[in-house]
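The structure appears right after this line, and notes come after that.
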Amino acid sequence: MNETNSRIVARVRRRCSWLGGVARRVGWAWMCLQAAAIPAWADGPVPAGATQDHEVIHAEVAGINPEISINPEISIEAGLAPSELESMASELVRMRRELDELWMLRSLDESTQFCRDETGTPSGNANPKSVAESKPSFPTVRLSGMMQADAAWFSQDAANLALVGDVQDGADFRRTRLSAVGKAWDNVGYCIDMDFGFGGRPSFADVRLDVEDVLGRNDLRVGYYRQPIGMDVMTSAREMTFLERALPATFLPFRQTGAMLSGSREDELATWALSVYRFPSDFYGGNVGDNGGYAVASRLTAVVMQQGDGPGLLHIGGAYSLIDPANDLLRYRSTPEIFIGETGGGVPVGVPSDLPPFIDTGNIDTEYTQLFGAELAAVCGSFYAQSEAVYSVVDQRGGPTLFLPGAYIHAGYFLTGETRVYKGKEGVFGRVTPQKSVGSEGGIGAWEIAARWSYMDLSDENIQGGRMANFTAGLNWYLNPRTKFQLNYIHADVWRAGESEAGILGMRAQVDF
């Protein structure tokens, strides 16, 4: 190596050494700046790849990586002139500067994404601890709703025509609901659910407030709500297997105005509820009457067998209610598990505008009545079954005690392999979710076949309201968890002033949100 080359080598080494020192200082300064500007990394997760990439870049700046550091001897042997070496060194500095700027932009962007608030807008505070400690704003509100459009066709024999009249084919909106649900405070929820399809148009559905964890795991509910009697009644209308609930639901008080304390085990294998309420309440939750009008209801459920994490369980339950009806009047009546009607006034005189009751006790002078209920349900893979028995024991004023029974059993099977979900906190079956919904998922939805037999007897002693037994065959198509089509055929046998029969074909389109 000649003298000229020695001087060039020395000059390059000095410059490389100087660049390395500057790079180290810049690297340490950047780390300090990063620690001061993005304290979120100290308390939260580091953005993906940040540590590894930063170490690599710092090593490159400091010249630690021998694969990319400048080796003057190799450069000289490659025939590079001194001016070219100086140009290369300048280019490296410029490239390093651009990489630092890109890294800064990337880090700031990741920290901003990490600290977004609930609305998806950058919070302006990069500290997630401060965001987590900020108090949520109340009240909150979420709109919910449901639409059920029904159509029905009736076939009656001569005896049934004579008993209830010529029932008209038709279409109706069984339920059209719009509700607001949310939180008034961190432990207080509410629901205001209005139904534009049922009697009253609009009328109340669930209008209530809920206070969580009042006594241990027990919640307090006050307002107009479904009373805790029966698995069928406590199942949401959005999640019913058939178009309507079974005949024994006629005995149950359903929605009334009152207060309820309810809870469940932590593992949700048992539930309990105790409610006091006014009876009977109208479509707007109102009830008046000094003579009686008070009632109490209770329900207990338990899962006594469960197939580990698999789709199998056995549910049992029981319920009791003591009712002292207002004005000492009680009445039971029922249609064959479907409702179709018109309130527009366009129906000719003498033609039923609503589906008339097929069995009816009329008004009963009642001191009080007691309701006894028993539940049994099971799930095994795609098959499930559910059954209940209900007894109404009516203590008449000036008359004998009446024993009026009702019962049903139904079963369903998913042809596409789904399983009926069990909601352990409520002790009922829940929403069906197809394995592959119709639409972007490219599936055919969930297909279910089901059958039910139900019975109710409203005749005893001096009350001859009649007896009815229904057999229902159903086919359900769940396009997705929020949309379904249902087809039911109902055959009704009626024993009241003789025996009669009727057949009903019913269809429903439902969507909820």
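Values in this document were obtained by computation on a predicted structure and should not be read as measured data. Just so you know, these numbers use all the heavy atoms, side chains as well, and skip hydrogens, waters and symmetry mates. One is the number of the first residue; the rest follow in order along the sequence.
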So does D150 pair up with R174, basic N to acidic O under 4.0 Å? no
For the residue pair D354 and G341, what are the closest heavy atoms and their distance? OD1-CA, 3.4 Å
Intermediate values then yes/no, salt bridge (charged side-chain N to carboxylate O under 4.0 Å, His left out), K183 and E212: CA-CA 11 Å; K183 288 274 194 175; E212 300 173 357; 2.5 Å; yes
Residues two or more places apart in sequence or in another chain: which of them pass side-chain hydrogen bond (donor to acceptor under 3.5 Å, both in side chains) with Y368? none
Would you indicate whether the side-chain heavy atoms of P336 and L355 approach each other to under 4.5 Å? yes
Output yes when a side-chain donor or acceptor of Q256 lies under 3.5 Å from a complementary backbone atom of S281, and no otherwise. yes
Please confirm whether the ring centroid of F372 lies under 6.0 Å from the ring centroid of Y320. yes
Could you go through the salt bridge (charged side-chain N to carboxylate O under 4.0 Å, His left out) check for R397 and E367 one step at a time? CA-CA 5 Å; R397 292 172 58 89; E367 189 70 38; 3.2 Å; yes
Mind running side chain to side chain contact (heavy atoms under 4.5 Å, CB included) on T419 and V379 for me, showing each step along the way? CA-CA 8 Å; T419 298; V379 179; 3.8 Å; yes
Here the pair of heavy atoms bringing G230 nearest to E388 is CA-OE1, 3.1 Å
Decide whether Q386 and Y408 meet the rule of one side-chain donor and one side-chain acceptor closer than 3.5 Å. yes
Hey, do the aromatic rings of F283 and F204 have their centres closer than 6.0 Å? no
Side chains of I359 and W495: does their closest heavy-atom pair fall under 4.5 Å? no
Using modelled atom types and a 3.5 Å cut-off, is there a donor and acceptor pairing between side-chain atoms of Q435 and backbone atoms of G417? yes
State plainly whether the residues D172 and R201 are in salt-bridge range, i.e. N to O under 4.0 Å. yes
Residue M240 excluded, over 12 heavy atoms near CE under 6.0 Å: yes
Do F358 and N160 come within less than 4.5 Å of each other through their side chains, counting heavy atoms only? yes
Which heavy atom of R496 sits nearest a heavy atom of G465, and at what distance? CD-O, 3.6 Å
Could you walk me through whether R299 and E375 pass the salt bridge (charged side-chain N to carboxylate O under 4.0 Å, His left out) test, one step at a time? CA-CA 10 Å; R299 180 176 182 245; E375 310 169 13; 2.8 Å; yes
Heavy-atom distance under 4.5 Å between the side chains of P481 and S437, does that happen here? yes
Charged tip of R452 within 45° of F471 ring normal and under 6.0 Å: no
Is there a side chain to side chain contact (heavy atoms under 4.5 Å, CB included) between V393 and T401 once you walk through the steps? CA-CA 7 Å; V393 181; T401 300; 3.7 Å; yes
Where the side chain of N218 meets the backbone of L215, is there a donor-acceptor pair that is under 3.5 Å apart? yes
Does D169 reach the main-chain N or O of F154 with its side chain, forming a donor-acceptor pair under 3.5 Å? yes
Do I463 and D460 have side-chain heavy atoms sitting under 4.5 Å apart? no
Might you point out which heavy atoms bring A319 and P228 nearest each other, and give the distance in Å? CB-O, 4.3 Å
From D328 atom CG to Q396 atom CD, the distance as rounded to the nearest 0.5 Å: 12.0 Å
Output for pair (T271 OG1, R265 CZ), nearest 0.5 Å, gives 11.5 Å
Between F429 and Y384, does the ring centre distance come in under 6.0 Å? yes
Surrounding CH2 of W185 (heavy atoms of other residues, nucleotides or ligands, distance under 6.0 Å), is the total greater than 12? no
Can you list everything that forms a side-chain hydrogen bond (donor to acceptor under 3.5 Å, both in side chains) with T483? Sequence neighbours excluded, please. N480
Any sub-3.5 Å donor-acceptor pair from R245's side-chain atoms to T235's backbone N or O? yes
Interatomic distance, T301 atom OG1 to M234 atom CE [nearest 0.5 angstrom]: 10.0 Å
Roughly how far apart are R208 CZ and D210 CG, rounded to 0.5 Å? 5.0 Å
Given S353 and E342, is the side chain to side chain donor-acceptor pair (under 3.5 Å) satisfied, shown in steps? CA-CA 5 Å; S353 60; E342 180 184 344; over 6 Å; no
Would you find a donor on one side and an acceptor on the other, under 3.5 Å apart, between the side chain of Q156 and the backbone of G165? yes
Test side chain to side chain contact (heavy atoms under 4.5 Å, CB included) on M456 and S334; report intermediate values, then the result. CA-CA 9 Å; M456 187 166 60; S334 180; 3.4 Å; yes
If you measure from CG on N470 to CD1 on I504, what distance do you get to the nearest 0.5 Å? 7.0 Å
Do W477 and K484 come within less than 4.5 Å of each other through their side chains, counting heavy atoms only? no
With a 3.5 Å cut-off and no angle check, do the side chains of S321 and Y277 form a donor-acceptor pair? yes
Among Q510, E448, Q486, E418, which residue meets the side chain to side chain donor-acceptor pair (under 3.5 Å) test with Y478? E448
Hey, does the side chain of D195 reach the backbone of G197 with a donor-acceptor pair shorter than 3.5 angstrom? yes
Counting only heavy atoms not in F339 (residues, nucleotides, ligands), do more than 12 fall under 6.0 Å from its CZ? yes
Would you say that D219 contacts D213 through its side chain, given a criterion of any heavy-atom pair below 4.5 Å between the two side chains? yes
Taking every heavy atom of N327 against every heavy atom of G289, the minimum-distance pair comes out as OD1-CA, 4.1 Å
Can you tell whether the side chains of D512 and R177 come within less than 4.0 Å, N to carboxylate O? no
Could you grab the distance from atom CZ of R431 to atom OG of S236, nearest 0.5 Å is fine? 7.5 Å
How about V233 and F254: do any of their side-chain heavy atoms sit closer than 4.5 Å? yes
Assess whether atom OH of Y455 is packed by more than 12 heavy atoms of other residues, nucleotides or ligands within 6.0 Å. yes
Judged by atom type as modelled, is there a donor-acceptor pair below 3.5 Å linking the side chain of Y225 to the main-chain atoms of A259? yes
Under the criterion ring pair (Phe, Tyr, Trp, His ring centres under 6.0 Å), I'd like the reasoning laid out for Y332 against F251: C-alpha separation, chi angles, the key distance, then a yes or no. CA-CA 7 Å; Y332 293 133; F251 289 129; 5.0 Å; yes
Backbone of G285 reached by a side-chain donor or acceptor of T257 within 3.5 Å: yes
Tightest non-hydrogen contact, residues T335 and P356, listed as CG2-O, 3.6 Å
Donor-acceptor contact present, side-chain N488 to main-chain F242, <3.5 Å: no
